[in-house]
Amino acid sequence: MAGRPPKKEKKIREAIYFEPELIEWLREEAEKQKCTVSVVVNQIVDAKKNSEE
């Protein structure tokens, strides 16, 4: 049965403010990938984080 993920796997909500041009680009990328802006931001951050290791 589906349901809520365990608390240790729960995503954390954070308010982030973007410049208008940046949020427009992020929304376009999200639309291309058929996902949310949060997913795009997480992908970018993860790629950056992995490239620094």
Side-chain angles (χ1 to χ4, degrees):
M1 178 170 98
R4 289 187 167 188
K7 286 197 179 208
K8 67 180 180 175
E9 295 176 25
K10 184 178 177 186
K11 294 181 181 178
I12 300 169
R13 184 182 181 109
E14 177 67 43
I16 301 174
Y17 297 90
F18 296 100
E19 296 296 330
E21 299 82 17
L22 181 54
I23 192 64
E24 183 178 338
W25 181 83
L26 287 166
R27 287 177 177 153
E28 289 171 3
E29 289 298 307
E31 188 174 320
K32 286 179 198 172
Q33 296 183 39
K34 297 186 183 340
C35 65
T36 64
V37 167
S38 293
V39 170
V40 174
V41 170
N42 284 329
Q43 290 171 344
I44 293 167
V45 171
D46 191 47
K48 176 68 175 167
K49 198 171 135 185
N50 290 334
S51 72
E52 292 178 351
E53 292 178 350

Legend entry - Listed once per pair and sorted, the salt bridge (Lys or Arg N to Asp or Glu O under 4.0 Å) pairs that draw on residues 33-52, sequence neighbours left out: K48-E52

Inset, instruction - Go through the structure and list residues passing salt bridge (charged side-chain N to carboxylate O under 4.0 Å, His left out) with E19, not counting sequence neighbours. - result: none

Inset, instruction - Using the test side chain to side chain donor-acceptor pair (under 3.5 Å), find all partners of E28 that sit at least two apart in sequence or belong to another chain. - result: none

Legend entry - All side chain to side chain donor-acceptor pair (under 3.5 Å) counterparts of E29, not counting sequence neighbours: K32

Inset, instruction - Could you list who else is in V39's hydrophobic cluster, with ILVMFWY side chains joined at under 4.5 Å, directly or through other members? - result: none

Inset, instruction - Please identify each residue that fulfils side chain to side chain donor-acceptor pair (under 3.5 Å) with Q33, with sequence neighbours left out. - result: Q43

Inset, instruction - Look up atom NZ in K11 and atom CD in E14, then write down how far apart they are to the nearest 0.5 Å. - result: 15.5 Å

Inset, instruction - Mind checking the CD-CG spacing from E31 to L26? Nearest 0.5 Å is all I need. - result: 13.0 Å

